[in-house]
Amino acid sequence: MKMPPFDYACPATLAEAIALLSTHDGDAKVLAGGQSLVPILAFRLAAPKLLVDLRRLTELRTIKINPDGVALGAMVRWCDIESDKRLRTAHPLLVAAVAHVAHYQIRNRGTVGGSIAHADPAAEMPGIAMTCEAEIVATGKAGPRTIKAADFFQGALTTALMADEIIVEIRLPAWPAGRRWGFQEFARRRGDFALAAAALFYDTAAGGKATNAHVGVIGVADRPLRLPSVEAVLNGATIDAATIAKAEAATTAAVDPDSDIHASGAYRKALVGTMVERALKMAAEQTP
Ligand SMILES: Cc1cc2nc3c(=O)[nH]c(=O)nc-3n(C[C@H](O)[C@H](O)[C@H](O)COP(=O)(O)OP(=O)(O)OC[C@H]3O[C@@H](n4cnc5c(N)ncnc54)[C@H](O)[C@@H]3O)c2cc1C
């Protein structure tokens, strides 16, 4: 279908972009790479009066790495993450997850801010944000605010973002050397959205036991989930075959996915357990 008619603005400053959103009172939408928004318009699932294109806001395209962690500007694209060699040590879990996002053309235009704002429950970036306790910095007519990922995702395609707010940055806490991590995803074809995926990491305490375990899953609920019951299995344990089997069982017990046209709920429930099992094996086999 053809897109509904809309006006188009391409502001030169963030202030101008926010003013445009504010004056349209919920009837304007931000355009980042268009990789989700354009299909939504074409399917007539949204019909905003105005699109506010962020492409001239070059300050939103930076990747900052400092002792506090990694700060991704909202307009950073998947291909920017892929080509930034610093991120391979500064945040290997992010790099591994982004390798599963979509196809070449989409990766050249799709952005982290767009993915976080779109909040697809099967998308990798919201899953990484949840797993890593990311902070999302948004700014609107009331000024900037920082939202924890756990408060940001409120349901499928639903977030805590106000109509006049623009995501400017996604902050991932620092990644210590020696951290063990795993990312595993199952999709029908490479580049498709995940049927289920697991992102996890843990640090190693004295005696080789796991500590600070973070386990996130995507594709099994209306938003990305962290699984405290699985983290409890891992914390204080040696990550061996017995612990991994317990973590797999705890994962399937913790989720209750709906059935849809892509897979039954029962299939996704079993699949996500296998994803956690494989991600833990991947982490345990790493040479830190
Ligand atoms: C065929 C196909 C396959 C795909 N496969 C995957 C996949 O496997 N995994 C995956 O994660 N994604 C996948 N995607 C989506 C892709 O990753 C997009 O990058 C992502 O959805 C965001 O698109 P975008 O950055 O172009 O944002 P847009 O499409 O421009 O915007 C998306 C939404 O976010 C809002 N928005 C954008 N930027 C901001 C901002 N800074 N502040 C506030 N709101 C904002 C827009 O108003 C809109 O509502 C796929 C897309 C396609 C078309």
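We count ligands from 1, going down the list as the structure has it; atoms in each ligand are counted the same way.
- Aromatic pair Phe183/His100: ring centres closer than 6.0 Å.
- Between Gly26 and Ala163, the shortest heavy-atom distance links the atoms CA-CB, 3.7 Å.
- Nearest protein heavy-atom neighbour of atom 52 (C) of ligand 1: Ile106 CD1, 3.5 Å.
- Against a heavy-atom cut-off of under 4.0 Å, His100 is close to the following atoms of ligand 1: 8 (O).
- Nearest-residue assignment for atom 20 (C) of ligand 1 (options Gly110, Ser36, Ala17, Gly73; heavy-atom criterion): Ser36.
- Remark: Thr251 OG1 to Ile244 CD1 distance equals 11.0 Å, nearest 0.5 Å.
- Distances below 4.0 Å separate heavy atoms of Ala74 from the following atoms of ligand 1: 41 (N).
- Residue Lys29 places a heavy atom under 4.0 Å from ligand 1.
- With respect to the salt-bridge test (charged N to carboxylate O, under 4.0 angstrom), the residues Arg268 and Asp260 qualify.
- Contacts of Glu82 classified as side-chain hydrogen bond (donor to acceptor under 3.5 Å, both in side chains), with partners at least two apart in sequence or in another chain: Arg107.
- With respect to atom 44 (N) of ligand 1, the closest heavy atom belonging to the protein is Ala117 CB, 3.4 Å.
- Against a heavy-atom cut-off of under 4.0 Å, Gly33 is close to the following atoms of ligand 1: 24 (P), 25 (O), 26 (O), 27 (O), 30 (O).
- Scanning the protein for heavy atoms near atom 7 (C) of ligand 1, the closest one is Ala102 N, 3.4 Å.
- Taking atom 53 (C) of ligand 1 as the reference point, the nearest protein heavy-atom neighbour is Gln35 O, 3.4 Å.
- Every atom of ligand 1 is numbered from 1 in the order shown, and the set under 4.0 Å from a heavy atom of Asp192 is 8 (O).
- Protein heavy atom closest to atom 42 (N) of ligand 1, with residue, atom name and distance, is Ile167 N, 2.8 Å.
- The contact set between ligand 1 and Ala32, taken as ligand atoms under 4.0 Å from a residue heavy atom, comprises 25 (O), 27 (O), 30 (O), 37 (C), 38 (N).
- The pair Asp192-Arg189 counts as a salt bridge, with a side-chain nitrogen and a carboxylate oxygen less than 4.0 angstrom apart.
- When non-hydrogen atoms are compared, ligand 1 lies under 4.0 Å from neither the backbone nor the side chain of Ile40.
- Among protein heavy atoms, the minimum distance from atom 11 (O) of ligand 1 is reached at Glu124 OE1, 3.0 Å.
- Interface of Leu54 with ligand 1, defined as ligand atoms under 4.0 Å from a residue heavy atom, comprises 41 (N).
- With hydrogens left out, the protein atom closest to atom 37 (C) of ligand 1 is Gly114 CA, 3.4 Å, a heavy atom.
- Placement of Phe186 and Phe193 in two distinct hydrophobic clusters is found when ILVMFWY residues are connected by side-chain heavy-atom separations under 4.5 Å, directly or transitively.
- For atom 28 (P) of ligand 1, the closest non-hydrogen atom on the protein side is Gly34 N, 3.5 Å.
- No heavy atom of Arg107 sits closer than 4.0 Å to any atom of ligand 1.
- The aromatic rings of His91 and Trp175 are tilted relative to each other, their planes meeting at an angle between 30° and 60°.
- For residues 25-38, the set of pairs meeting the side chain to side chain donor-acceptor pair (under 3.5 Å) definition, not counting sequence neighbours, comprises Asp27-Lys49.
- Put simply, the side chain of Met130 does not reach to within 4.5 Å of the side chain of Arg223, judged on heavy atoms.
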